[in-house]
Amino acid sequence: MSSAHLTRLRKWFLAFPPADWAIQQVRELLIGALRQGPIPRHVAFVMDGNRRYARTHKIETVEGHHLGFEALARILEVCYKSGVKVVTIYAFSIENFKRSKYEVDALMDMAKVKLTQIAQHGELLHRYGAKIQILGQRELVRPDVLEAIDKAVEMCSGNDRAVLNVCFPYTSRNEITTAIRETVHEFSQPIRPTMKRPFSESHIARNIRTRQLSSVSEERLGFGEENAAEGDDTEASTYSAASTGEQAPSSQSSVSNSPSLKPSAFTSNFPDPESITGETLNSHMFTADAPPVDLLVRTSGVRRLSDFMLWQCHEHTSIVFLECLWPEFDLWQFLPVLVEWQWKQRNVEEAAKITADASKLGLKVQ
Ligand SMILES: CC(C)=CCC/C(C)=C/CC/C(C)=C/COP(=O)(O)OP(=O)(O)O
């Protein structure tokens, strides 16, 4: 039986109210079971296969994208109900501008209408306390579309339990380039000395460190350049306080992580590029506030990342390629992916626990 016939049969069966009710109950039960295990904090989707779905079902391309949106709404419900905090979707790649004007306009209009719809009071995003963030190159979007999506963002801005990141129009290369450009700009600005805050925690910590280091230096080293290289003098402390308080990325907590002056560069008054870390760049990514991606799913059998979430994927990110086309994607395809992720995650947590216990006993785990 062809997939078109199966879809029709499924629709016919689901049209019976008792069947619909029973399926809803099973869905709730399965999601409840999922919630008993670890849940990925951040899930990303490459929603691929809308046009192929439209072709195989002999419907308009735009209709394929509309069915793609319906699949998205279903899957967002599954994610938020299961406890996923951040969902990131590849809604429009910068490369997608190469498609026909008709299709680009249709996708833009769809974003305008659908984002407004799901942001309404009582609709999906409010039900799960999710806010929207638009990630990408805003300047490439038509003003009327921008106005509508900004309004949708505003409508959900009070929500703080979950996030929907809509990448639109986005590529990782553009995101990473923007982050590097902003970092270079930040590190090209002279550090402005600010008022000393004598009773701030960081100021006190620095002063203690400075005193400890200077007493060691006085005893052993004198006041040579080497001494300066190890500790902060009072002037450097003031500069560090300025950068820790105002210029360092929020995720950097230690004094040594913040943009600081090289002792040899005290006179240059610029932050030390050597203090740029992965955290510095991360704080300039569009997803700065989000945890790294734990699970990335791409549908339609295509096995590549297509310039999506290249920075956000880490050594434990599970990347899963599924054969089904995006409009077909639902809990039934997603469930095995989540169960496998939970199984792997338990192993990762178990291994971390063994390593921690071993290090407490002074042993080394291979
Ligand atoms: C909120 C919001 C804006 C939702 C967007 C809805 C949605 C599903 C957008 C996906 C658009 C897109 C380019 C999909 C890729 O499939 P494709 O067109 O490349 O299909 P193909 O791989 O079969 O050619």
Side-chain angles (χ1 to χ4, degrees), residues 3 43-80 86-120 123-126 128 130-138 140-142 144-153 155-156 162-172 296-309 321-330 333-334:
S3 120
V43 180
F45 295 106
V46 182
M47 309 180 288
D48 200 15
N50 293 346
R51 294 188 299 184
R52 271 168 285 163
Y53 183 89
R55 269 200 299 277
T56 50
H57 290 77
K58 299 189 173 48
I59 54 175
E60 288 276 322
T61 300
V62 174
E63 189 54 27
H65 289 310
H66 277 274
L67 293 174
F69 179 81
E70 282 179 22
L72 170 65
R74 286 194 302 266
I75 228 64
L76 284 178
E77 191 118 29
V78 172
C79 285
Y80 294 140
V86 183
V87 176
T88 301
I89 55 164
Y90 208 0
F92 196 92
S93 150
I94 294 175
E95 290 296 303
N96 289 152
F97 278 112
K98 292 179 185 158
R99 295 187 178 190
S100 72
K101 182 175 175 337
Y102 176 72
E103 191 182 343
V104 170
D105 283 348
L107 282 166
M108 291 286 156
D109 290 339
M110 202 170 101
K112 202 168 137 174
V113 174
K114 300 292 186 186
L115 285 177
T116 309
Q117 253 173 31
I118 58 171
Q120 305 277 349
E123 290 302 322
L124 197 136
L125 296 176
H126 282 287
Y128 296 101
K131 64 176 173 188
I132 312 176
Q133 289 180 161
I134 308 291
L135 319 184
Q137 260 190 290
R138 290 174 60 86
L140 299 178
V141 180
R142 263 174 21 213
D144 60 310
V145 179
L146 263 190
E147 196 184 318
I149 59 182
D150 282 347
K151 205 163 155 209
V153 169
M155 283 157 80
C156 300
V163 178
L164 170 62
N165 285 329
V166 181
C167 295
F168 182 91
Y170 172 92
T171 57
S172 279
L296 186 147
V297 178
R298 180 173 189 152
T299 52
S300 93
V302 176
R303 302 170 75 84
R304 55 173 185 261
L305 289 177
S306 296
D307 221 343
F308 180 59
M309 297 286 106
F321 298 105
L322 298 174
E323 290 302 317
C324 70
L325 301 174
W326 179 259
E328 299 163 337
F329 189 50
D330 197 355
Q333 289 78 24
F334 195 28

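All ligand and atom numbering here is 1-based and tracks the order in the structure.
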Counting only heavy atoms, which portion of [X] has something under 4.0 Å from ligand 1: side chain, backbone, both, or neither?
X	value
Asn96	side chain
Glu70	neither
Met47	both
Leu115	side chain
Arg55	neither

Between His57 and Tyr53, how do the two ring planes meet: parallel, tilted or perpendicular, split at 30° and 60°?
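The arrangement is parallel - the two ring planes meet at less than 30°.
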In terms of the angle between their ring planes, are Phe92 and Phe97 parallel, tilted or perpendicular, with boundaries placed at 30° and 60°?
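The arrangement is perpendicular - the two ring planes meet at more than 60°.
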Below 4.0 angstrom, N of the basic side chain to O of the carboxylate: do Asp105 and Lys112 qualify?
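Not counted as a salt bridge, because no side-chain N and carboxylate O are separated by less than 4.0 Å.
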Considering the heavy atoms of [X], write down every atom of ligand 1 situated less than 4.0 Å from one of them.
X	answer
Phe69	1 (C), 4 (C), 8 (C)
Ala111	3 (C)
Met110	5 (C), 6 (C)
Ala91	3 (C), 9 (C), 10 (C), 11 (C)

If only atom types and distance count, is the side chain of Thr299 paired as donor or acceptor with the main-chain N or O of Asp48 below 3.5 Å?
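Checking the backbone N and O of Asp48 against the side chain of Thr299, a donor-acceptor pair under 3.5 Å is found.
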Side chain of Glu328, backbone of Leu325: donor and acceptor closer than 3.5 Å?
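Confirmed, Glu328 side chain pairs with Leu325 backbone.
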Would you say Gly49 contacts ligand 1, with heavy atoms under 4.0 Å as the rule?
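Judged by the 4.0 Å heavy-atom criterion, Gly49 does count as contacting ligand 1.
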Please verify whether a non-hydrogen atom of Asp48 lies at under 4.0 Å from ligand 1.
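It does; at least one heavy atom falls under 4.0 Å.
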Look at [atom] and say which protein heavy atom is nearest, naming residue and atom and giving the distance to 0.1 Å.
atom	answer
atom 12 (C) of ligand 1	His65 CE1, 4.0 Å
atom 24 (O) of ligand 1	Arg51 NE, 2.8 Å
atom 10 (C) of ligand 1	Asn50 ND2, 3.6 Å
atom 23 (O) of ligand 1	Arg52 N, 2.8 Å
atom 18 (O) of ligand 1	Arg99 NH1, 2.8 Å

Check whether any side-chain heavy atom of Gln120 sits under 4.5 Å from a side-chain heavy atom of Thr116, and report yes or no.
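In short, these two side chains touch, coming nearer than 4.5 Å.
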Going from CE on Met108 to CG on Asn96, what distance comes out if it is rounded to the nearest 0.5 angstrom?
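The CE atom of Met108 sits 8.5 Å away from the CG atom of Asn96.
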So Phe308 and Leu296, side-chain contact (heavy atoms from CB on, under 4.5 Å) or not? Walk me through it.
CA-CA 10 Å; Phe308 180 59; Leu296 186 147; 4.0 Å; yes
